[in-house]
There are 2 protein chains.
Amino acid sequence: MTISQVSQKYGLPADTLRYYEKAGLIPPVHRTESGIRDYQPEDCNWVEFIKCMRSAGLSIETLQKYVTLFRKGNKTLQARKALLLAERDRLQAQIKAMQTTLKRLNYKIDIYDDKIVHCEKNLH
Amino acid sequence: MTISQVSQKYGLPADTLRYYEKAGLIPPVHRTESGIRDYQPEDCNWVEFIKCMRSAGLSIETLQKYVTLFRKGNKTLQARKALLLAERDRLQAQIKAMQTTLKRLNYKIDIYDDKIVHCEKNLH
DNA sequence: ATAACGTTTAGAGTTAGCTCTAAGTCAAGA
DNA sequence: TCTTGACTTAGAGCTAACTCTAAACGTTAT
């Protein structure tokens, strides 16, 4: 698969795919003889994984660390697990904060309904 | 209340409080005769509200718009409600995405547990 | 074989959201 | 009154995460 096909498939700009690879969020992608990227299924899986993690707000730096550990093999299993646990906790806390804000938004919206009804009454 | 007391109370740097005010996320704060900020309870409520919304990821621009509408009075009730509805939908979608990622992280963590057990067995 | 279009790189530019600096003003204690 | 420390402003600087540019090279259709 070419970079533009992968870009299409995952809805990520080609520039971003190159940036992720250069930054080490994705292991080096396979290439044709002439040096053009030729994404293998395994490369696509990395793209999809990183897209998912980025969409939840995991930082570039954290994902770099994860991939760096991954590429060092089995001796980094514990470290990778610790990294994932830390990110999970962060994510859980963030979701909780967002749910609190969501409730508050809903409450505010209800109040707006009341206010609007009240104001329209006054028009007559 | 002085700016440093408000900074303490809400855990936001004084620079950030000034920035929010200058950017219009918070209506102009009350001042002493000599021009020093003297936060009234109503100013504090704005700070707390903006802090909550920012923590859930609402953008500076969106909050500027909301405050601008607010300061124009009752004729903007509908517009403000529409803005809140849009943000609520955005927030709900984001929470959903994060929950998906959370599940995936938990799944991955389980797999790491298995892998670690397997690797440690091989050490003997 | 040449036009047209896709891909490559290094590196510059952009945006959001702060964060810091400098130079000055104000308020309280010795 | 002088010093110390908090406050003020405008504006520069910073970081994360892209996004774009330029110049060169590859591929495909006519």
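A, B, ... follow the sequence lines: proteins, then strands. Residue 1 opens every chain.
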For B/Arg31 and D/dC7, give me the distance from atom CZ to atom C1', rounded to whole Å. 10 Å
Output the rounded distance in Å from CG (A/Leu17) to P (C/dT7). 11 Å
Can you see if the side chain of A/Lys22 gets near the phosphate of C/dA10 - specifically, an N or O under 4.0 Å from OP1 or OP2? yes
Axis-to-axis angle between the two ends of the helix from C/dA1-D/dT30 to C/dA30-D/dT1 (five base pairs per end, rounded to 10 degrees): 10°
Reckon A/Ser34 has a side-chain N or O less than 4.0 Å from the OP1 or OP2 of D/dC25? no
Nearest-Å distance, CD1 (B/Ile26) to P (C/dC18)? 11 Å
Honestly curious: do B/Leu85 and B/Leu91 fall in one hydrophobic cluster under the side-chain, below-4.5 Å linking rule? yes
A/Tyr19 has an atom OH; how far is it from atom P of C/dT9, in whole Å? 16 Å
Does a salt bridge link B/Glu48 with B/Lys9, judged by any charged N lying under 4.0 Å from a carboxylate O? no
Taking for each residue the nucleotide of DNA chain D with the nearest heavy atom, is it B/Gly35 or A/Ile60 whose nucleotide lies nearer the 5' end? B/Gly35
Would you say the side chains of A/Thr62 and A/Ser59 form a donor-acceptor pair under 3.5 Å? yes
Would you please confirm or rule out a distance under 4.0 Å between OP1 or OP2 of D/dG26 and any side-chain N or O of A/Arg37? no
Give, for atom CZ of A/Arg80 and atom NZ of A/Lys72, the distance between the pair rounded to the nearest 0.5 Å. 11.0 Å
Can you tell me the distance, in whole Å, between the CG atom of B/Asp15 and the C1' atom of D/dT15? 16 Å
Whether A/Thr2 contacts C/dG6 is assessed here as follows: a side-chain N or O lying under 4.0 Å from the phosphate OP1 or OP2. Is that the case? no
Please work out which of the three classes, parallel, tilted or perpendicular, describes the rings of B/Tyr66 and A/Tyr112, given edges at 30° and 60°. perpendicular
Is there a side-chain contact between B/Tyr20 and the phosphate of C/dG17, meaning an N or O under 4.0 Å from OP1 or OP2? no
CG of A/Asp38 versus C1' of D/dT27: gap in Å, rounded? 14 Å
For A/Thr32, which contact category applies under a 4.0 Å heavy-atom criterion: base, sugar-phosphate, or nothing? nothing
Among D/dC18, D/dC7, C/dT8, which nucleotide sits nearest the side chain of A/Thr16? D/dC18
Remember a base hit wins even if backbone is also touched, and classify B/Arg18 as base, sugar-phosphate or nothing at under 4.0 Å, heavy atoms. base
Length of the OH-C1' vector between B/Tyr39 and D/dC7, whole Å: 11 Å
Considering residues, nucleotides and ligands other than A/Gln40, do more than 12 of their heavy atoms fall under 6.0 Å from its CD? yes
Length of the CD-P vector between A/Gln8 and C/dG6, whole Å: 12 Å
Is the cationic atom of A/Lys108 (NZ for Lys, CZ for Arg) positioned less than 6.0 Å from the six-membered ring centroid of B/Phe49 and within 45 degrees of its normal? yes
